[in-house]
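Contents: one structure, followed by commentary.
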Number of protein chains: 2
Amino acid sequence: MSANSRLTIAAHALAWISLYQRRGHGVATSEQIASSANTNPVVIRRLLGELRGAGLVESRRGAGAGWSLTRELGSMTLLDVYEAVEPGPLFAMHRATPDQECVVGYGIQPAMQGIYEGIEQTLRRELAGVTLEDVLRDVLAAPR
Amino acid sequence: MSANSRLTIAAHALAWISLYQRRGHGVATSEQIASSANTNPVVIRRLLGELRGAGLVESRRGAGAGWSLTRELGSMTLLDVYEAVEPGPLFAMHRATPDQECVVGYGIQPAMQGIYEGIEQTLRRELAGVTLEDVLRDVLAAPR
DNA sequence: GGCTGTCGTAACCATTACTGTTACGACAGT
DNA sequence: ACTGTCGTAACAGTAATGGTTACGACAGCC
């Protein structure tokens, strides 16, 4: 399926920002987050930009600029993040429309669409059951 | 996520083979299936090859060759097909290992892995709840 | 008012996966 | 021997992802 790391990195960034603020620091910079996630600041800015579009974080520009959360981690779920960074559906239909003269070709798309819809709904429910607070708790629970 | 159509095409092929056989014809050729799915026969052969590896179909070579099912559609689930054609996990970890000196960088991977595991388990259960017989029934239920 | 640090974003590249296509050998039934 | 189909390699086109550089925009601070 060619899985990507967008949800992982986004969760990482949110957990990092929150922990940083809980420790009394100011706003978090993409540079710092990128250093923790071992990637490039631009990658972080792109991802956080999408989270900002979803209202999960906000950014300040100018000197002393950076990122901060708009609400508590406990009120943010993985579904919020998923919807912000993963636009498309999980499974795709045929690239070219199948043969409409064939019974299977005619009925396959509505059939699969209905099935996929149910599956994605379940996935969303599952993602909605995990808050970013849960994520941070699990992160801090890692044995040293 | 860059969704692909492999599961869709594989289900299409299985439904087509089964319906073809129910109508009293012999084995199905990749050429015929490709025509219904509006794609290239090689694409079908590649996909069915993976299904053969999973024991869902078998192929005969030589003249009068083609594909047939090894068991009833009712005993085949979308999970069987999914596992045959989609190897990797749904969500990926960081490309480069995160900063192990950072608390978040240290704990994020085990945390996300645990969460993803549960989610994938739910997805599998959902896929296992749909048989290819269900798919064919839905296909034939499409209004003309 | 200028300096400085950070965001916002464009541009480009490398890698990877998927899909489509051509080609051709292998094989088995007639 | 002929024929039709599979099995598979090889290649191209497209798209998504992730990394990188670059630079303008912006806001706080001296």
Side-chain angles (χ1 to χ4, degrees), chain A residues 1-10 12-13 17 20 25-35 37-53 57-68 84-98, chain B residues 1-10 12-13 17 20 25-53 57-68 82 84-98:
Chain A
M1 182 83 76
S2 80
N4 62 47
S5 62
R6 299 164 68 79
L7 186 59
T8 304
I9 303 291
H12 186 142
I17 296 172
Y20 193 63
H25 300 95
V27 295
T29 71
S30 62
E31 170 75 34
Q32 297 169 317
I33 302 170
S35 165
N38 196 4
T39 180
N40 192 287
V42 175
V43 174
I44 299 296
R45 290 206 287 271
R46 281 199 289 234
L47 267 177
L48 287 182
E50 301 181 44
L51 296 187
R52 182 184 49 217
V57 300
E58 58 192 5
S59 61
R60 286 214 331 255
R61 311 181 62 168
W67 303 84
S68 50
V85 303
E86 297 281 3
L90 207 49
F91 302 110
M93 284 297 132
H94 308 63
R95 229 185 229 196
T97 62
Chain B
M1 184 82 72
S2 80
N4 62 46
S5 62
R6 297 163 68 81
L7 185 58
T8 304
I9 303 292
H12 186 142
I17 295 172
Y20 194 64
H25 300 95
V27 295
T29 70
S30 62
E31 170 75 32
Q32 297 168 317
I33 303 169
S35 165
S36 168
N38 196 5
T39 181
N40 192 286
V42 176
V43 174
I44 299 296
R45 291 205 288 270
R46 280 198 290 233
L47 268 177
L48 287 183
E50 301 181 43
L51 297 188
R52 181 184 49 217
V57 300
E58 58 192 5
S59 61
R60 286 214 331 254
R61 310 180 63 166
W67 303 84
S68 49
Y82 178 81
V85 303
E86 297 280 4
L90 205 50
F91 303 109
M93 285 298 132
H94 308 63
R95 237 189 220 193
T97 63

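A, B, ... follow the sequence lines: proteins, then strands. Residue 1 opens every chain.
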Approximate separation, where rounding is to 0.5 Å, of [X] [atom1] and [Y] [atom2]:
X	Y	atom1	atom2	value
A:I9	A:I33	CD1	CD1	11.0 Å
B:L7	B:H12	CG	NE2	13.5 Å
A:L51	A:R46	CG	CZ	14.0 Å
B:Y82	A:F91	OH	CZ	5.5 Å
B:L47	B:S5	CG	OG	8.0 Å

Quick one: closest heavy-atom pair of A:R52 and A:E58, and the distance?
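Looking at all heavy atoms of both residues, the shortest contact is CG-CA, 4.4 Å.
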Within the structure, does a side-chain N or O atom of [X] lie under 4.0 Å from either OP1 or OP2 of [N]?
X	N	value
A:S30	C:dC7	yes
B:R60	D:dG4	no
A:S59	C:dG8	yes
B:R61	D:dT5	no

How many Å lie between [atom1] on [X] and [atom2] on [N], as a whole number?
X	N	atom1	atom2	answer
A:L7	D:dA16	CG	P	19 Å
A:L48	C:dT6	CG	P	15 Å
A:E58	C:dG8	CD	C1'	16 Å
A:I33	C:dT6	CD1	C1'	12 Å
B:L51	D:dG7	CG	C1'	15 Å
B:L47	C:dA17	CG	C1'	13 Å
B:I9	C:dT19	CD1	C1'	10 Å
A:E50	D:dG18	CD	P	10 Å

Side chain of [X] (C-beta onward), nearest among [options]:
X	options	result
A:R52	C:dT9, C:dT19, D:dC6	C:dT9
B:R95	D:dG19, C:dT19, C:dG8	D:dG19
B:R6	C:dC18, D:dT3, C:dT21	C:dC18
B:V42	D:dC6, D:dA9, D:dT20	D:dA9
B:S2	D:dA16, D:dG28, D:dT5	D:dA16

I want to confirm an ordering. Mapping A:A63 and A:N4 to their closest nucleotides on DNA chain D, which one lands closer to the 5' end?
A:N4
How far does the helix from C:dG1-D:dC30 to C:dT30-D:dA1 bend, going by the axes of its first and last five pairs, to the nearest 10°?
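Both end axes considered, the difference amounts to 10°.
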Starting at the 5' end of DNA chain C, which residue's closest nucleotide do you reach first, B:G64 or B:T39?
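Going by which nucleotide is closer to the 5' end, it is B:T39.
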Could you verify whether a donor N or O on one side chain and an acceptor N or O on the other, from A:H94 and B:T39, lie under 3.5 Å apart?
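There is no such pair between these side chains.
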Any N or O donor-acceptor pair linking the side chain of A:R46 to the base of D:dG19 at under 3.5 Å?
yes
Tell me if the side-chain of A:R45 makes a donor-acceptor pair with the base of C:dG8, cut-off 3.5 Å, by modelled atom types.
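Check passes, donor-acceptor contact within cut-off.
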If we only count heavy atoms from C-beta on, is the B:L90 to A:L90 side-chain gap below 4.5 Å?
yes
